[in-house]
Every structure is written in C-alpha cells, then in structure tokens.
Peer 1: 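Encoded as structure tokens, here's the structure I'll be asking about.
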Amino acid sequence: MTTERYNAREAEPRWQARWDERKLFQTNEADGRPTYYVLEMFPYPSGRIHMGHVRNYAMGDVVARYKRAKGFDVLHPMGWDAFGLPAENAAIERKVHPKAWTYENIATMRNQLKSIGLSLDWSREIATCDPDYYAQQQRLFLDFLKAGLAYRRKSKVNWDPVDNTVLANEQVIDGRGWRSGALVEQRELTQWFLKITAFSEELLSALDGLPRWPEKVRTMQKNWIGRSEGMLVRWALANAHGDGALKEVEVYTTRPDTLFGASFIAVSADHPLAAACAACDPKLNAFVEECRRAGTSLAALETAEKKGYDTGLRASHPLDPSWELPVYVANFVLMDYGTGAIFGCPAHDQRDYDFARAYGLPIKPVVAPPGADAEALIADAAYDGDGVLVNSRFLDGLDVAAAKEEVARRLEAATLGNRPVGERKVNWRLRDWGISRQRYWGCPIPIIHCEACGPQPVPDDQLPVLLPEDVSFDQPGNPLDRNEAWRNVSCPACGGPARRETDTMDTFVDSSWYYARFTAPRAATPTERAVADRWLPVDQYIGGVEHAILHLLYSRFFTRAMKMTGHLGIDEPFAGLFTQGMVVHETYRDASGQWVAPSEIAISEAEGQRRAARLSNGDPIEIGPIEKMSKSKKNTVDPNDIIETYGADTARWFMLSDSPPERDVIWTEAGVEGASRFVQRVWRLVNEAAERGAPAGAAAPEQIGAPAEALRRTAHGALARVGESIERFHFNRCVAAANELANALGQALQAAREPDADIRFALREAAEILVRMIAPFTPHLAEECWAALGHETLVAEEAWPEADPALLASDSVTLPVQVNGKKRDEIVVARDADAATIEKMVRELDVVLKAVGDKPIRKVIVVPQRIVNVVA
RNA sequence: GCGGACGUGGCGAAACCGGUAGACGCACGAGACUUAAAAUCUUGCGCCGCAAGGCGUGCGGGUUCGAGUCCCGCCGUCCGCACCA
C-alpha cells in the first residue's frame with residue numbers, strides 16, 4: 001500500500017473554507033457554557049506578518065482550540081493597531097494616503113493570517129483607525145475628562161526631533177525616542193494628560209493579585225511605579241537673595257534618620273532656587289545651562305561626574321537652627337522626582353559621598369553597621385544598610401526604623417512659618433501620561449478651543465470628530481494644523497469662532513481598551529456592560545515582553561478609568577499573561593560586510609564545519625551570531641514562503657517545538673524540515689492505521705494482549721500529558737508526547753503484519769488519539785487525518801478526549817535500586833507492594849550483595865513507587 | 001551600581017514535591033530498500049575505558065539515605081531599570 005504525500009497546499013485552504021462555512025469560530029450569544037477569552041496582542045499593520053506573529057498566534061490558537069474542545073465558549077478575536085507614524089512616513093515617502101496604505105496592509109495581512117488557519121472570530125475584527133472605533137475612544141476621553149481623569153497643562157515634554165512629536169516618559173529609552181531612536185529634547189508645550197497617578201497605589205498593590213502574570217513583568221511594573229516612603233523637610237534659608245521670596249527650600253528624603261549626617265543641600269539645575277540665584281550670578285547661570293544640555297544623553301548620564309556650584313545660600317538645619325549648611329546646585333539632582341532638592345548625607349548615600357569628596361564637604365557617619373565601627377566603614381564608600389544611630393544626639397542608640405519615626409514625630413511637631421517643618425510623604429516615580437501627539441494619523445482629541453470660553457468638549461451629537469481626508473504631507477509638521485476647513489469651527493458654548501484641537505492621541509491609547517471593545521465590537525457605546533461583564537477579564541493574554549511596562553500598564557489604568565466611568569466592572573484586564581520569546585535566526589554577511597538574506601545562501605557541512613556560500617555565485621559568506629529577526633540584518637524568513645513550501649501546519653508545529661515558549665526560538669532550515677517530516681509521518685501512520693486497524697466505532701475486544709495494552713498505555717499517557725502541558729503552556733512537551741505516540745504507533749504497525757483484533761483496536765485508538773491531540777497544533781492535518789479515519793465530523797467540533805485513568809496507572813512498577821545513592825539495579829514489583837517485601841527482595845539481589853561486600857546493611861530506604869536505597 | 005532570569009551531550013531541550021539525569025527533536029555514524037538518489041525503515045549516539053568500572057547538570061563548599069532540583073560563596077551569559085534622594 002502506498003499513501004500519497006500529504007499535500008498541505010491543497011488541503012489547508014479546503015479545511016479553512018469548511019470552518020468558515022460552518023462559522024465554527026464565531027462567538028455568539030451566551031449559551032450556558034463557561035466562557036474563555038484568549039487574546040494575542042494585535043498587530044500593527046506594517047505590511048506583512050513575520051515569524052514572531054506566527055509564533056504568537058500559534059500559541060494563542062492552541063489554547064483557543066484546546067479550550068473550545070474542553071467545552072468552553074471561546075472568544076478569540078483579532079484586530080489591528082492601525083494608527084501610527086509609519087503610515088505617515090509612507091505618505092511622505094511614497095505619496096500614498098495613510099488611510100489607503102493602512103487598509104491595504106490590513107487586507108494583505110488578514111489574508112496572511114487566514115492562511116495560518118487560526119481559529120479566529122473574524123466577524124469581530126476591528127481596526128483602531130476605523131471611525132467606529134475611535135468615535136468610542138473619543139467618548140471615553142470625554143468621560144475621563146468629566147471624571148477628572150484627563151486634564152491639560154503646560155509641561156516640559158520629551159520632544160522627538162525625528163518623529164516631530166512628543167513622547168511620554170515611558171516612551172523614552174536611554175534618552176532616545178522608542179521608535180525613532182533620536183536623542184530626545186526638552187520643550188515646553190501644553191499637553192493633554194491622563195491621570196494614571198490617580199491609581200498609583202492600586203496599580204502597585206493589585207500586582208500581587210495577578211498570580212498568573214510572569215514575576216518578571218510584575219517586578220518591572222513595581223519598579224516603574226516606584227513607590228517610596230519618606231518625608232518632606234523644609235529648611236529655612238539664612239541669607240536669602242533678592243526680594244527674599246525664597247526663604248526656604250523643601251527637600252524630599254527617605255532617610256530622615258540620617259539628618260545629623262547632613263553636610264549640604266543640593267537643588268536641581270531646573271529648581272526655582274537655581275534660577276533665582278543664577279539671575280544674579282553669571283557663572284551659576286552658565287553652570288545651569290551646562291546641566292541642561294548634558295541632561296538627556298545616555299553617555300552623559302553614565303559618565304557624568306558629580307558636579308555642583310555653591311549658590312552662597314546657607315540653610316539652617318531643621319533640628320538645630322544654629323547649624324548652617326551650604327546650598328549647591330548639583331547636576332545629579334532631578335527636578336522630576338520629589339521636590340527637586342535633597343539634603344546630602346555623604347556617609348550613607350553613595351552619590352552624596354562622591355559629591356562630598358569632590359567638594360571637600362564633611363562626611364560624618366551616623367549609622368553604625370551591626371558589630372562594626374562606623375568611622376572605619378565610610379573610608380571608601382557610603383553605608384546604606386541598617387544599623388544603630390551614632391553621632392546623632394537624641395537619636396543615638398536607636399535603629400534606623402526607630403530613628404526615622406522619632407525624627408518624623410519631631411519634625412511634624414516643629415513649625416517653620418506657620419507650617420510643620422516636616423511631613424510624611426509617599427512619593428511615586430510614576431508620572432501622568434501625556435497623550436498629545438502632533439501627528440495626523442491618530443485619534444483626534446475631541447476638544448474645541450475658544451478664546452472666550454477656553455477648551456470645550458465636543459458635544460455628543462457632534463461626535464465623532466473624524467479625521468479629514470484631504471491632507472497633504474508635502475511640508476513638515478502636523479497637516480491638521482494647516483487644514484483650515486477642518487480646524488475652524490464654532491464654539492459649542494458661545495457659538496463664536498473657535499479652533500479644533502489639532503493634536504491626536506498617543507497610539508497607546510488605542511491599544512489600551514481594544515480587548516474590551518472586542519466583546520461588543522459594533523456597539524454604539526464603548527462597551528456593552530452586560531456583554532463585557534460576561535467575557536472580561538481576558539483569561540489568557542499572550543504577547544511579547546517588550547510591552548511589559550507601556551502597553552500593560554496603560555491597559556491596567558484604562559480598565560480602572562473605564563470602571564470609574566461606568567464602562568466596565570473590573571479592575572484588571574488580563575487575568576493571565578504569557579510573554580513569549582522572540583524568533584531568532586543566524587546572520588550572514590558577505591566579504592564586504594553587507595548583510596545577506598538566508599534565502600540567498602546555501603549551507604554545507606564538512607568535517608564538522610558549517611560553511612555558507614552565496615547561491616548565485618558561490619562566494620563564501622560569513623556565518624554570524626544568532627539575532628532577533630530584523631529587516632536591517634536581513635535574517636528574516638517570510639511566513640508566506642514557508643506556508644507555500646511546507647504548509648501552515650509545519651510552520652505552526654515548528655514554532656512550538658523544542659524551545660519553551662517563553663524562550664527565544666532559533667529558526668533553522670533543519671528544524672522546519674523536521675517539522676515537515678513529522679507532518680508527513682503522521683499522515684502515513686494514520687492512513688496505515690486506518691487501513692489495518694479496526695473500523696471506526698468498533699467496540700473494544702474482550703481480550704487485550706500485552707502489545708496492544710502497551711500501545712494503549714502509551715496513547716493514553718501521551719494524551720494526558722498533552723492536555724496537562726497545554727494548560728501549563730509547555731507546548732514543547734506536547735510536541736515530545738506526540739512524537740512518542742507516533743513512534744509507538746509506527747512500531748506497532750511494523751510489528752504486526754497481520755494484526756489480531758486487539759491490536760487492530762489499539763491501532764485505531766492510538767491513531768485517533770494522535771490526531772485529536774495534535775489538532776490544536778496542526779488543525780488542517782488533523783482534519784485530513786480525521787477524514788481518512790472515516791469520520792464525517794470535523795475534529796474542530798469534537799470534544800477533547802479523556803484519557804482512561806485505568807491505563808495511566810499500571811499494576812506493577814519498576815523501582816530503581818540504589819546502593820549508597822548509586823543506581824545498581826531495577827526491580828519490578830506490584831504497585832501496592834509493601835515496604836517489607838520490597839526490602840526483602842532488595843537484600844537478596846546479587847548486585848546489592850556484591851556492592852555492599854562484607855559491610856553490614858545499615859538501612860534500607862523504600863520510597864513507595866519511586867525508589868529503593870540501600871545504605872551500607 | 002540596583003533588580004530579575006538563566007547556566008544540563010555536538011545543538012534545541014526534558015526531568016512536576018529532593019528519588020533511574022539526558023525523554024523528544026536536530027545533527028552525525030552504521031545498516032536495509034534502490035541501478036542511483038531522495039523519501040522511508042532498523043540501529044547506534046554524555047565523557048573516559050577492550051571490559052569491569054569510573055566520571056558527569058558552570059565552579060567551590062554544605063544539608064540529606066539520596067541534590068540538576070534546597071542552602072552559602074564565587075564565575076559567566078542574557079534581560080530590565082539606571083544619579084528616584
């Protein structure tokens with residue numbers, strides 16, 4: 001008998017059409033099944049999907065298909081993060097309208113995604129640039145505004161000179177724009193902000209209620225939110241300059257216990273005090289300017305020495321007014337954090353220590369480490385650990401915590417002017433989220449500016465504010481600014497002439513609530529509460545770690561803000577989060593150092609050495625390190641090519657094989673070949689089993705011999721492992737289990753030329769189990785095999801089979817026998833054999849007698865069903 | 001500098017609560033089928049050793065009858081944050 005090769009190219013579209021016809025993956029009204037919402041981070045429509053998408057969506061699809069088979073009502077939607085800069089760049093470079101460019105890309109990528117055979121509900125597809133979508137986003141913005149969660153203020157912003165737009169703090173990485181990589185400048189602009197800091201405390205504490213999030217992501221968010229407990233402490237200025245308006249300086253500290261170790265005050269170059277002093281001190285002015293220039297660059301931050309300038313001001317110590325300390329402007333003090341002013345305690349803070357060393361300031365230790373001499377310790381570095389207070393008058397002998405408490409009590413009681421000198425204060429690193437972007441291709445901020453009435457919300461009946469389509473990109477800047485017809489409107493309050501807000505929203509706003517919109521994608525309000533309540537939170541969210549802070553933090557904020565404004569009933573959007581690793585590939589370069597694509601070369605292996613050569617002319621190519629697939633290094637593989645050559649199932653199978661999903665996976669030609677071989681092998685085995693095994697639906701024979709029993713055990717064991725492994729996201733172990741079953745089935749087919757009834761039954765059963773357990777991974781192949789096994793139904797509609805518990809546990813177990821911790825032999829005993837029997841058996845084993853020699857056996861440890869250890 | 005993760009054959013990896021280290025796959029070797037090749041099938045494959053046996057999960061110590069797994073101290077790789085007072 002010969003079976004034709006499985007033709008994925010022919011079969012895959014056929015099964016996709018079948019699923020479509022039956023609307024299998026569309027989610028409808030509640031029908032009583034428990035719900036399960038699987039979501040993968042939706043893609044930016046860049047033009048083509050890449051292997052990272054295939055991996056991400058393959059994982060989500062396994063979960064979705066598995067949960068559906070387990071009886072859940074599954075929601076598994078897809079959409080497009082469709083606003084953003086590349087569309088405008090395309091408009092500038094290629095004279096295409098951003099809208100046309102975006103929707104063309106979406107069309108291409110939708111087809112590509114469909115060719116992967118994902119079990120998606122396409123009827124819920126949304127693109128964030130659809131007016132339907134952003135209209136609701138504008139409603140949300142206005143609701144947030146009403147609730148006090150959105151506001152406008154002038155602020156220093158991060159300006160990206162390449163993208164010509166403002167960036168949020170989170171979007172500046174090492175002083176550079178997260179997208180453009182350009183050095184970010186500081187500018188003053190009036191901006192719209194979302195009040196994420198209103199939820200600082202909650203966003204932090206709720207992280208502990210997310211056990212199904214990776215620890216790593218929670219830690220990153222904790223650090224980002226950056227809670228610290230400390231005090232605001234006011235210092236009187238002894239010899240204030242000028243009009244005397246600056247009579248005091250307020251510092252923030254988390255170490256009030258070290259106040260007696262203070263040796264200076266330092267303020268940021270952007271601090272009002274610095275500005276006031278600089279006004280009559282040109283040298284200080286020059287220093288301030290220097291600090292500002294150095295401010296943002298990465299190199300400057302890393303190598304910057306502690307520099308300062310003595311303002312000549314003197315501050316009196318809050319616990320001893322007769323003690324005066326110098327006030328410096330210093331380059332290492334951040335205006336953004338705390339009050340922009342600190343007191344320096346060199347003995348217990350490394351930065352202050354460095355500064356004191358540079359400027360000859362006193363270094364007085366006030367905390368003695370346990371059992372050590374404080375004086376000796378601070379010789380070369382600051383000590384910031386716990387200890388006992390010394391040199392600190394009334395604090396001496398207290399530990400750090402007690403001293404903090406004592407200082408806080410005293411400073412709260414003392415007054416300066418009419419206010420307390422000190423105040424306990426929780427400080428946050430998290431800043432409000434600036435969302436104004438000076439770009440065209442984004443969601444318009446629904447505000448009208450009126451000279452007389454100020455900024456006015458666009459009235460509900462005038463929503464949505466649609467993006468005008470007649471725009472040109474022939475000059476720099478925001479085309480909305482130049483679009484008079486769109487821009488000039490009348491004030492909704494007074495009817496007078498007014499202008500539209502021309503800034504659009506940060507695209508992270510778009511992705512902050514799409515998961516909620518998917519639950520009711522065509523609703524005339526942002527959400528439909530009843531429906532949203534039924535589906536949310538997302539049970540399993542899957543995406544890259546690169547969004548650990550930005551997108552996930554914004555989404556957590558949005559969920560709370562939407563709850564506050566009545567659109568949702570939950571706090572946390574994603575109950576489970578999985579961050580998958582990247583797809584990486586070797587890099588190749590030619591003799592001139594130019595990157596060469598994998599498709600342009602051939603690899604050969606001789607004497608253990610891999611060599612690469614250019615296909616066109618045989619030139620030697622250097623094999624470089626394995627790196628993330630990127631266009632710039634040309635080490636990409638196009639999913640389309642793979643699907644055309646091998647089929648989607650092969651690509652999916654390979655993406656989930658070998659590497660654990662959270663780790664990077666290395667794309668190799670050999671790996672794809674391996675996956676393809678598996679697909680073909682399953683097809684052959686199943687066809688052979690269909691022919692030689694029992695017919696569909698045949699009952700189990702009364703007598704089952706040992707070989708048939710063994711095959712059944714393997715099949716049921718593999719099935720149980722696959723289910724368990726999917727639940728735990730160990731897809732690579734599912735692949736291993738499937739391989740084992742395929743091996744066992746292959747061997748059984750080999751062994752039984754003319755099989756008896758029991759073997760025939762086991763062959764069919766094993767083949768059916770194999771097909772059904774790979775169905776979430778290679779769904780098309782599974783359908784084709786299922787049909788070959790004589791079924792009329794679709795595997796995609798079958799329930800997940802239950803492994804027979806009787807076949808998972810056997811009556812006898814093999815126990816390894818160790819002597820002094822080294823394995824010497826094995827014994828087979830009854831599963832429920834008692835320890836005494838086992839011990840007796842073991843004591844008589846030749847290997848044990850030999851290994852023990854003439855030493856007495858001191859002890860025999862029997863761990864039931866696991867191991868025996870003889871101690872001599 | 002701070003925080004986190006990781007380190008197992010030639011390679012990707014597995015090993016659930018401390019209980020047979022290396023499942024499964026890739027690569028490679030031998031054989032069968034074939035005029036030949038591909039495909040497929042059988043078989044071998046941690047290291048040293050003819051073997052018996054010994055050694056082996058980055059390194060050094062410890063706890064334990066027993067450690068890849070737990071504890072202490074190093075080394076290395078990757079990631080995140082980075083003057084946050």
Side-chain angles (χ1 to χ4, degrees), chain A residues 2 5 173-174 214-224 226-228 230 251-255 258 266 268 298 301-302 304-306 330-334 336-345 348-352 354-355 381 384 427-430 545-546 548-549 605 608 610 654 657-660 662-666 668-675 677-678 680-681 684 721 724-725 728 730 732-743 746-747 749-750 814-826 858-872:
Chain A
T2 54
R5 280 177 66 80
I173 292 149
D174 292 337
E215 185 73 45
K216 177 189 163 93
V217 174
R218 284 184 285 168
T219 308
M220 282 166 73
Q221 293 216 353
K222 267 178 203 161
N223 293 339
W224 188 266
R227 183 183 198 271
S228 75
V251 307
Y252 177 73
T253 179
T254 54
R255 294 297 302 271
T258 63
S268 162
L298 169 66
L301 282 178
E302 269 182 354
E305 284 185 27
K306 305 277 177 291
N331 65 346
F332 67 94
V333 181
L334 305 172
D336 267 2
Y337 189 79
T339 61
I342 61 155
F343 82 81
C345 176
H348 304 290
D349 182 290
Q350 191 58 40
R351 295 157 300 181
D352 299 347
D354 296 342
F355 190 76
D384 61 4
N427 206 27
W428 302 91
R429 207 186 86 114
L430 184 66
V545 233
E546 63 273 21
I549 296 175
E605 189 162 336
R610 293 177 71 244
F654 176 48
S657 301
D658 290 351
S659 287
E662 67 277 8
R663 233 178 280 179
D664 291 349
V665 62
I666 306 169
T668 61
E669 197 58 28
V672 191
E673 296 280 356
R677 226 173 294 150
F678 174 79
Q680 294 301 337
R681 185 148 178 258
R684 270 196 321 272
R721 266 166 68 205
E724 201 178 296
S725 298
R728 285 149 75 178
H730 293 158
N732 53 328
R733 291 200 283 208
C734 300
V735 170
N739 272 314
E740 274 172 50
L741 177 51
N743 288 344
Q747 258 151 33
L749 284 164
Q750 285 280 326
T814 304
L815 293 185
V817 177
Q818 295 182 333
V819 176
N820 291 329
K822 275 188 204 306
K823 189 199 160 191
R824 297 293 174 182
D825 203 354
E826 290 181 341
R858 287 196 287 147
K859 208 173 176 187
V860 177
I861 291 153
V862 178
V863 184
Q865 297 175 43
R866 289 238 98 127
I867 204 165
V868 183
N869 194 8
V870 178
V871 187

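Given the structure is predicted, the values throughout are model-derived calculations rather than measurements. By convention in this document, chain letters (A, B, ...) are assigned in the order of the sequence lines, proteins followed by strands, and residues within each chain are numbered from 1.
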Peer 1: To the side chain of A:R728, which of B:A82, B:C16, B:A13 is closest?
Peer 2: B:C16

Peer 1: Side chains of A:N743 and A:R681: donor-acceptor distance under 3.5 Å anywhere?
Peer 2: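 Present: a donor and an acceptor within the cut-off.
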
Peer 1: Could you write out RNA chain B as dot-bracket? Rules: Watson-Crick or G-U wobble, both distances under 3.5 Å, brackets [ ] for crossings, | for pairs with another strand, dot for unpaired.
Peer 2: (((((((..(((......[....))).(((((.......))))).(((....)))..(((((..]....))))))))))))....

Peer 1: Based on the glycosidic angle (syn within 90° of 0, else anti), state the conformation of B:G68.
Peer 2: anti

Peer 1: Is A:R721 touching bases, backbone alone, or none of the nucleic acid, heavy atoms closer than 4.0 Å?
Peer 2: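 If one applies the 4.0 Å heavy-atom cut-off, A:R721 turns out to touch nothing in the nucleic acid.
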
Peer 1: Report yes if a side-chain nitrogen or oxygen of A:R663 is closer than 4.0 Å to either non-bridging phosphate oxygen (OP1 or OP2) of B:A13; otherwise report no.
Peer 2: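 Affirmative; the distance criterion is met.
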
Peer 1: Counting heavy atoms from C-beta on, name the nucleotide in B:A14, B:C81, B:C65 closest to the side chain of A:K859.
Peer 2: B:C65

Peer 1: Under 3.5 Å, is there a donor on one side chain and an acceptor on the other for A:Q350 and A:D354?
Peer 2: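 A:Q350 vs A:D354: donor-acceptor pair found between side chains.
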
Peer 1: Say you pick atom C1' in B:G46 and the same atom in B:A21; how far apart are they, in whole Å?
Peer 2: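 Pairwise C1' distance, B:G46 against B:A21, rounds to 10 Å.
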
Peer 1: A:A736 side chain: which of B:A23, B:U20, B:A13 is closest?
Peer 2: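 When the side chain of A:A736 is considered, B:A23 is the closest of B:A23, B:U20, B:A13.
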
Peer 1: With rounding to whole Å, what would you report as the distance between B:C28 and B:G19 at their P atoms?
Peer 2: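 Pairwise P distance, B:C28 against B:G19, rounds to 36 Å.
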
Peer 1: Quick one: is the NZ or CZ of A:K306 closer than 6.0 Å to the six-membered ring centre of A:F332, and within 45° of its axis?
Peer 2: yes

Peer 1: Checking contacts here: which listed nucleotide (B:C26, B:C83, B:A21) is nearest the side-chain heavy atoms of A:R677?
Peer 2: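 It is B:C26.
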
Peer 1: So, does A:N869 get its side chain near the phosphate of B:U64, meaning an N or O under 4.0 Å from OP1 or OP2?
Peer 2: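 So the side chain of A:N869 is outside the cut-off, no N or O lying under 4.0 Å from OP1 or OP2 of B:U64.
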
Peer 1: Between A:N732 and B:A14, is there a side-chain N or O to OP1/OP2 distance below 4.0 Å?
Peer 2: yes

Peer 1: Looking at A:E724 and A:R721, is there a salt bridge between them, counting it only when a charged N and a carboxylate O are closer than 4.0 Å?
Peer 2: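 No, this pair does not count.
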
Peer 1: From B:C24, B:G19, B:A85, pick the nucleotide closest to the side chain of A:Y252?
Peer 2: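 Selected nucleotide: B:A85.
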
Peer 1: From B:G25, B:C16, B:U20, pick the nucleotide closest to the side chain of A:N739?
Peer 2: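 So the nucleotide nearest the side chain must be B:G25.
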
Peer 1: If the glycosidic angle sits within 90 degrees of zero it is syn, else anti. Tell me which applies to B:C17.
Peer 2: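 Nucleotide B:C17 adopts syn.
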
Peer 1: Would you indicate which nucleotide in B:C41, B:A85, B:C81 comes nearest to any side-chain atom of A:R429?
Peer 2: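 The nucleotide sitting nearest to the side chain is B:C81.
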
